[in-house]
Amino acid sequence: MQLEPDETKAIITRMKRAHGHLATVIRMMENSAECEDVLTQLAAVNKALSRAGYALVSTGLQHCLTTEDPRTLDVKQLERLFLALA
């Protein structure tokens with residue numbers, strides 16, 4: 001399935017924000033920041049990426065259900081994609 005740019009714009013924005021946040025975490029480590037602070041920020045990056053992944057799956061499912069014939073959906077493939085995030 002190929003998603004349209006308007007379907008992924010918000011997800012891409014979320015990923016770019018997480019990318020910038022990860023760069024900050026790396027700088028914190030390079031500057032010997034407190035371990036607790038680094039881990040807190042790293043957890044935030046991880047959560048942001050997870051949410052982006054789930055948003056992508058959700059968008060893909062909505063796309064499939066509204067644009068494709070339900071009889072031709074590869075349910076096993078969709079399940080594998082979803083579980084890849086778990």
Side-chain angles (χ1 to χ4, degrees):
M1 126 190 56
Q2 184 113 16
L3 298 174
E4 298 297 321
D6 63 318
E7 294 175 305
T8 59
K9 185 176 181 177
I11 298 167
I12 292 169
T13 299
R14 184 184 300 253
M15 289 178 163
K16 286 181 178 179
R17 198 174 313 124
H19 181 265
H21 202 100
L22 180 58
T24 300
V25 172
I26 292 169
R27 276 194 304 279
M28 288 173 72
M29 290 189 69
E30 290 172 340
N31 295 327
S32 302
E34 290 291 325
C35 183
E36 183 178 349
D37 296 335
V38 173
L39 288 173
T40 299
Q41 295 305 314
L42 190 57
V45 172
N46 189 34
K47 186 172 183 177
L49 289 174
S50 291
R51 285 179 178 245
Y54 287 120
L56 183 59
V57 169
S58 174
T59 301
L61 285 173
Q62 290 173 26
H63 178 84
C64 285
L65 293 174
T66 58
T67 63
E68 296 185 21
D69 182 354
R71 295 172 291 181
T72 64
L73 288 178
D74 186 345
V75 176
K76 289 292 184 190
Q77 180 185 12
L78 292 173
E79 182 180 4
R80 273 194 308 277
L81 291 172
F82 183 76
L83 292 175
L85 297 171

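In this chain, numbering begins with 1 at the start of the sequence shown.
Annotation: side chain of Asp37 is in contact with side chain of Met28 (closest heavy-atom distance under 4.5 Å). Contact of the Lys76 side chain with the Arg80 side chain is registered, since non-hydrogen atoms from C-beta on lie closer than 4.5 Å.
Both Val25 and Leu49 are members of a single hydrophobic cluster when ILVMFWY side chains are connected at heavy-atom separations under 4.5 Å. Grouping the Ile, Leu, Val, Met, Phe, Trp and Tyr side chains by contacts below 4.5 angstrom, directly or via other members, places Leu42 with Met29. By the rule that hydrophobic residues join a cluster once side-chain heavy atoms approach within less than 4.5 Å of another member, Ile26 and Val45 end up as members of one cluster. No chain of hydrophobic side-chain contacts below 4.5 Å, direct or via other Ile, Leu, Val, Met, Phe, Trp or Tyr residues, connects Leu22 to Met15.
For the atom pair CD of Glu7 and CG of Leu56, the computed distance is 10.5 Å after rounding to the nearest 0.5 Å. Within the model, atoms CG of Leu39 and CG of Asn46 stand 11.5 Å from one another, a figure rounded to the nearest 0.5 Å.
With hydrogens and angles ignored, the 3.5 Å screen pairs a side-chain donor or acceptor of Thr40 with a backbone N or O of Glu36.
Here the closest non-hydrogen pair linking Ala33 and Val38 is CB-CG2, 3.9 Å.
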